[in-house]
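Residue numbers start from 1 in every chain, and the chains themselves are labelled A, B, ... in the order their sequence lines are given, proteins ahead of strands.
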There are 2 protein chains.
Amino acid sequence: MARRRVGNPLALAVLSCLAERPMHPYEISTTLRERGKEQSIKLNYGSLYSVVDALQRHGLIEARETGREGRRPERTVYAITPEGLAEFEGWLSELLSTPVKEYLSLEAGLALMPALAPDVVARLLGVRADRLRAQLRELDAMHDEARAKGLADLFLVESRYRQHMLAAELEFVEQMVSDLRSGVLPGVKVWARIHELRDGGVPVEEIFADPVRHLGEEGRMLLPPR
Amino acid sequence: MARRRVGNPLALAVLSCLAERPMHPYEISTTLRERGKEQSIKLNYGSLYSVVDALQRHGLIEARETGREGRRPERTVYAITPEGLAEFEGWLSELLSTPVKEYLSLEAGLALMPALAPDVVARLLGVRADRLRAQLRELDAMHDEARAKGLADLFLVESRYRQHMLAAELEFVEQMVSDLRSGVLPGVKVWARIHELRDGGVPVEEIFADPVRHLGEEGRMLLPPR
DNA sequence: ACCCGAATACTCGAAGTCGAGTATCAGCGC
DNA sequence: GCGCTGATACTCGACTTCGAGTATTCGGGT
């Protein structure tokens with residue numbers, strides 16, 4: 001997979017605008033905003049200008065006119081090059097066809113959660129579930145409103161995707177909370193016991209050094225698998 | 001929401017290790033790797049050392065001993081401070097309880113997909129679906145193997161979450177492909193027609209300037225909503 | 001006639017990210 | 001006893017990211 005010379009997805013959005021017609025960077029930013037693309041692609045000025053610069057350095061876009069009106073700051077209008085158009089279509093195709101590993105923040109949280117006691121985690125995830133439900137309601141309202149305005153579903157696809165993924169997360173979190181509370185998830189009992197011991201003053205290192213002594217037979221699962 | 005002084009999730013992983021016992025950075029990296037946490041938290045050396053440095057600057061960890069064996073590079077052992085422990089627990093709690101907006105690459109792709117013709121997009125998403133199915137099979141195999149080795153489900157939670165989200169993505173993509181092929185998604189007909197015209201030599205700008213003339217009544221949906 | 005806030009159009013530098021590169025050592029086969 | 005691979009333990013600097021800051025103009029109200 002030949003790595004893209006300019007990696008920021010914002011660069012792709014810039015190319016998408018310039019594929020329509022030449023624009024200056026600020027116009028690109030307002031265009032993306034109007035179309036709601038900044039919901040899907042992180043946009044901030046610093047990145048925008050450095051990305052435009054990088055695209056130019058690599059010959060994917062080129063400066064057309066650079067004029068000024070009154071004593072306003074200069075405006076440079078850029079146009080896409082044939083190589084830029086090829087890069088755009090290739091990159092977009094790859095984005096659609098090839099899943100990439102994304103580091104979700106909840107995944108990090110779940111990976112480290114044993115550092116907190118299981119009942120605490122259950123409570124925190126419960127709060128998360130509430131917030132997810134609120135976000136889903138907001139998205140629903142937004143979609144209804146957009147529909148009422150006559151916006152075609154085609155332009156809501158990315159938002160529907162976000163909603164779908166949010167709903168999936170909620171489903172997982174709800175299941176998790178119930179598994180934690182009921183204690184059916186293998187390992188939770190031991191996990192809870194470790195935190196009880198720790199709160200009672202036993203250093204965690206010591207528990208791990210000889211789990212079976214502190215936790216009984218179930219502690220065996222903490223030993224390194226042969 | 002007070003912004004974290006050190007933002008990289010890797011910093012959280014570092015704190016989680018040092019909460020157990022003092023370590024030197026390289027040991028942290030191998031520990032995280034052994035436990036499979038690098039699947040969930042991006043780990044590379046450059047970031048590791050700069051993150052450790054930042055944590056020290058902010059008083060969340062402190063250097064203990066800095067010795068060397070033979071003529072090996074120096075090793076500095078770090079320990080967590082009380083403020084570091086507080087930061088760790090607060091941050092982890094926030095991570096679990098509070099959803100944050102994540103910019104998924106497929107969302108960017110969907111937002112820009114009208115730049116390609118609908119049948120092309122359908123084909124690309126079909127390829128993605130195949131790849132997602134392959135990844136899901138791999139994860140299933142991994143989980144079976146881990147189970148067989150006696151690893152508690154507790155330590156697979158993050159991987160199960162990834163699997164759940166991957167499955168949700170597959171579901172969405174499959175639905176999308178079928179909606180595109182059947183043409184039931186409102187807007188797809190117009191979208192296809194635009195690409196036909198463009199391939200026939202009509203500039204895209206012109207179509208957008210007077211959509212109704214080029215596309216008939218259905219073109220009206222491209223006009224800005226009042 | 002003047003003021004104020006919003007919009008226009010960028011600039012700048014501090015901070016962070018990344019991965020290839022460097023140097024050493026331990027063990028193992030031959 | 002010699003070379004090779006793989007592990008140990010980091011360093012470096014080019015490149016990106018970020019968002020607050022700057023300077024100007026426009027339009028609407030009073």
Side-chain angles (χ1 to χ4, degrees), chain A residues 1-14 17 22-34 38 41-58 60-61 63-78 100-103 108, chain B residues 1-14 17 22-34 38 41-58 60-61 63-78 100-103 108:
Chain A
M1 251 181 283
R3 190 87 93 280
R4 306 279 154 201
R5 330 69 167 92
V6 188
N8 193 328
L10 180 55
L12 189 69
V14 167
C17 286
M23 296 187 192
H24 56 93
Y26 186 78
E27 192 182 0
I28 294 173
S29 79
T30 51
T31 305
L32 291 173
R33 237 185 277 265
E34 260 169 36
E38 37 132 36
I41 296 166
K42 200 174 357 187
L43 166 59
N44 68 47
Y45 290 122
S47 305
L48 176 62
Y49 286 90
S50 69
V51 145
V52 164
D53 208 61
L55 286 172
Q56 186 183 23
R57 279 202 316 277
H58 291 91
L60 303 176
I61 65 178
R64 271 296 157 79
E65 5 163 4
T66 137
R68 59 169 66 214
E69 284 166 35
R71 213 174 305 166
R72 295 274 203 83
E74 244 186 23
R75 289 189 324 186
T76 307
V77 174
Y78 294 88
V100 298
K101 209 247 165 294
E102 327 242 14
Y103 291 87
Chain B
M1 247 180 286
R3 191 92 90 280
R4 306 279 155 200
R5 326 72 166 99
V6 188
N8 193 328
L10 180 55
L12 189 69
V14 167
C17 286
M23 297 186 191
H24 56 93
Y26 186 78
E27 192 181 0
I28 294 172
S29 78
T30 51
T31 304
L32 291 173
R33 236 184 279 264
E34 259 170 35
E38 37 130 37
I41 296 164
K42 199 174 359 185
L43 165 59
N44 68 45
Y45 289 122
S47 304
L48 175 62
Y49 286 90
S50 71
V51 144
V52 163
D53 208 60
L55 286 172
Q56 187 183 24
R57 278 202 316 277
H58 290 90
L60 302 176
I61 65 177
R64 271 297 158 79
E65 8 165 358
T66 136
R68 61 169 65 214
E69 283 166 35
R71 213 174 305 170
R72 293 275 203 83
E74 244 186 24
R75 290 189 322 185
T76 308
V77 174
Y78 293 88
V100 299
K101 207 244 165 298
E102 327 242 15
Y103 292 87

- Query: Under 4.0 Å between a side-chain N/O of B:Y26 and OP1 or OP2 of D:dT8, yes or no?
  - Reply: yes
- Message: Any side-chain to backbone donor/acceptor pair from A:N44 onto A:S47? Under 3.5 Å, distance only.
- Response: yes
- Query: Among C:dG19, C:dA9, D:dC10, which is the nearest nucleotide to the side chain of B:N44?
  - Reply: C:dG19
- Task: Find the distance A:L48:CG to C:dC12:P and express it as a whole number of Å.
- Result: 16 Å
- Would you call the rings of B:H24 and B:Y26 parallel, tilted or perpendicular if under 30° counts as parallel and over 60° as perpendicular? parallel
- Side-chain N,O (A:S47) to OP1/OP2 (D:dC18) below 4.0 Å: yes
- Item | 5'-most by nearest nucleotide on DNA chain D - B:G46 or A:N8 | B:G46
- Note on the structure: Rounding to 0.5 Å, atoms CG (B:L10) and CD (B:E38) come to a distance of 11.0 Å
- Query: So, is B:Y49 close to the D:dC10 phosphate, meaning a side-chain N or O under 4.0 Å from OP1 or OP2?
  - Reply: yes
- Task: Output the single nucleotide from D:dT17, D:dT8, C:dT8 whose closest atom is nearest the side chain of A:V51.
- Result: D:dT17
- Query: Nearest to the side chain of A:K42 - D:dC18, D:dT16, D:dA9?
  - Reply: D:dC18
- Query: In Å, rounded to the nearest 0.5 Å, how long is the span from CG of B:L12 to CZ of B:R4?
  - Reply: 9.0 Å
- Can you tell me if the side-chain N/O atoms of B:R5 get under 4.0 Å from OP1 or OP2 in C:dA15? no
- The residue, B:Y45 or B:H58, whose nearest nucleotide of DNA chain C is more 5′ is B:H58
- Query: When all nucleic acid strands are considered with a 4.0 Å heavy-atom cut-off, which category describes B:R33: base, sugar-phosphate, or nothing?
  - Reply: nothing
- Message: Can you tell me which nucleotide in C:dT17, D:dC10, C:dT11 comes closest to the side chain of B:H24?
- Response: D:dC10
- Separation of C:dC12 P from A:D53 CG (nearest whole Å): 12 Å
